[in-house]
Number of protein chains: 2
Amino acid sequence: MTGDLFDPACPTRQLLDRIGDKWTSMLIKVLAEADPPDMGFASLARSAPGISHKMLSQTLKNLCRDGLVARRVEATVPPRVHYSLTDLGRSLDGPLSALRVWAERHMAVIDANRRN
Amino acid sequence: MTGDLFDPACPTRQLLDRIGDKWTSMLIKVLAEADPPDMGFASLARSAPGISHKMLSQTLKNLCRDGLVARRVEATVPPRVHYSLTDLGRSLDGPLSALRVWAERHMAVIDANRRN
DNA sequence: CCGTATCCGTAGGGATACTG
DNA sequence: CAGTATCCCTACGGATACGG
């Protein structure tokens with residue numbers, strides 16, 4: 001019992017590994033603020049300027065697999081696909097917002113520090 | 001005025017770019033929970049199992065540059081160096097804690113989803 | 001004891017082009 | 001419109017070895 005405090009399975013690290021990539025948090029934010037709460041693929045692409053087709057697809061796939069986003073296909077021609085946050089996804093937006101507030105308040109200082 | 005909502009300079013994205021790497025959030029947590037609030041290099045290394053010498057040094061350097069961590073050198077032989085969170089760094093631990101709580105509560109579900 | 005430099009593998013992510 | 005496959009390039013990060 002050496003008390004090896006740091007689980008390799010630290011949940012926080014796992015979470016940041018999951019949402020810390022280039023686009024995930026951005027898409028969660030977009031979806032959290034979407035009204036109506038459903039968004040199509042193209043619509044998401046427009047809301048996340050700079051994202052590539054590939055990364056949008058890949059990021060959404062991961063979010064769906066993790067249960068943070070729900071996917072609903074409308075069987076029309078051409079097909080429309082709707083993405084929306086699940087309850088789990090919405091619950092994550094809370095803590096993320098806290099981080100956003102912090103970021104909006106302090107990132108300027110950090111950037112200034114960094115540039116010196 | 002097309003209303004291009006998504007700043008390429010979205011603060012949240014910048015923040016996650018900064019703390020979303022492999023070790024930063026872990027070190028912030030370690031330092032936030034340190035008592036006394038100063039930790040030496042070796043002590044930090046022990047608290048973050050698996051971290052390489054190089055990454056510890058690099059991550060600390062970035063944290064110092066960003067103004068989240070303060071570095072104090074004790075001019076002894078051999079020299080001891082103390083790292084501690086600045087006020088800014090401590091203020092970040094709040095929002096990070098919120099994320100930690102969420103992670104501890106929900107990561108298991110996400111992992112289960114993911115493995116299906 | 002503290003930190004940095006080098007070397008190198010791997011994975012994240014962009015451009016592009018192609019299918020249903 | 002929605003999504004996938006390929007190619008390629010860079011940056012993150014580990015091992016190791018060396019300097020204050």
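Hydrogens, waters and symmetry mates play no part in the numbers below; they use all other heavy atoms, side chains included. From a predicted model like this one, the values you see are computed outputs, not experimental measurements. Just so it is clear: chains get the letters A, B, ... in the order the sequence lines come, proteins before strands, and each one is counted from 1.
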Collect all protein-nucleotide pairs involving nucleotides 14-17 of chain C in which both atoms are nitrogen or oxygen and the distance is under 3.5 Å.
unit_1: dG14(C); atom_1: OP1; unit_2: Lys22(A); atom_2: NZ; d: 2.7
unit_1: dG14(C); atom_1: OP2; unit_2: Trp23(A); atom_2: NE1; d: 3.2
unit_1: dG14(C); atom_1: O6; unit_2: Lys54(A); atom_2: NZ; d: 2.4

Side chains of Thr59(A) and Asn62(A): donor-acceptor distance under 3.5 Å anywhere? no
Please give me every residue in residues 57-73 of chain B whose heavy atoms get under 4.0 Å of an atom in DNA chain C, ordered by residue number. Ser57(B), Lys61(B), Arg71(B)
What is the distance, rounded to the nearest whole Å, between atom CG of Asp38(B) and atom P of dC2(C)? 13 Å
For residues 66-93 of chain B, which residue pairs qualify under ring pair (Phe, Tyr, Trp, His ring centres under 6.0 Å), counting only residues two or more places apart or in two chains? none
Under the salt bridge (Lys or Arg N to Asp or Glu O under 4.0 Å) definition, can you give me all pairs with a residue in residues 70-82 of chain B, not counting sequence neighbours? Asp38(B)-Arg72(B)
Going by ring pair (Phe, Tyr, Trp, His ring centres under 6.0 Å), name the residues that satisfy it together with Phe41(A), two or more places apart in sequence or in a different chain. His53(A)
Whole-Å distance, Leu56(B) CG to dC12(D) P, equals 17 Å
Residue pairs passing the ring pair (Phe, Tyr, Trp, His ring centres under 6.0 Å) test with at least one member in residues 12-32 of chain A, sequence neighbours excluded, are none
Only distances under 3.5 Å count here; give the side-chain donor-acceptor pairs of residues 102-109 of chain A to other protein atoms, sequence neighbours excluded, each with its distance to 0.1 Å.
unit_1: Trp102(A); atom_1: NE1; unit_2: Ser91(B); atom_2: O; d: 3.3
unit_1: Trp102(A); atom_1: NE1; unit_2: Ser91(B); atom_2: OG; d: 2.9

Using the test side chain to side chain donor-acceptor pair (under 3.5 Å), find all partners of Asp111(A) that sit at least two apart in sequence or belong to another chain. Arg115(A)
Between Ser84(B) and Pro37(B), is there a donor-acceptor pair closer than 3.5 Å when you use the side chain of the first and the backbone of the second? no
Scan for salt bridge (Lys or Arg N to Asp or Glu O under 4.0 Å) pairs involving residues 88-97 of chain A, sequence neighbours excluded, and state none if there are none. Asp87(A)-Arg90(A), Asp93(A)-Arg100(A)
Could you write out DNA chain C as a dot-bracket string, with dots for unpaired bases, | for bases paired across to another strand, and Watson-Crick or G-U pairs counted at under 3.5 Å? |.||||||||||||||||||
Between P on dC12(D) and CG on Asp17(A), what's the gap in Å once rounded to a whole number? 15 Å
Of all residues at least two apart in sequence or in a different chain, which pass the side chain to side chain donor-acceptor pair (under 3.5 Å) check with Asp35(B)? none
His82(B) NE2 to dC1(C) P, straight-line distance once rounded to whole Å: 14 Å
Nucleotide dG20(C), atom C1' - distance to CZ of Phe41(A) in whole Å: 14 Å
Hits for side chain to side chain contact (heavy atoms under 4.5 Å, CB included) against Lys61(A), two or more places apart or cross-chain, chain-then-number order -> none
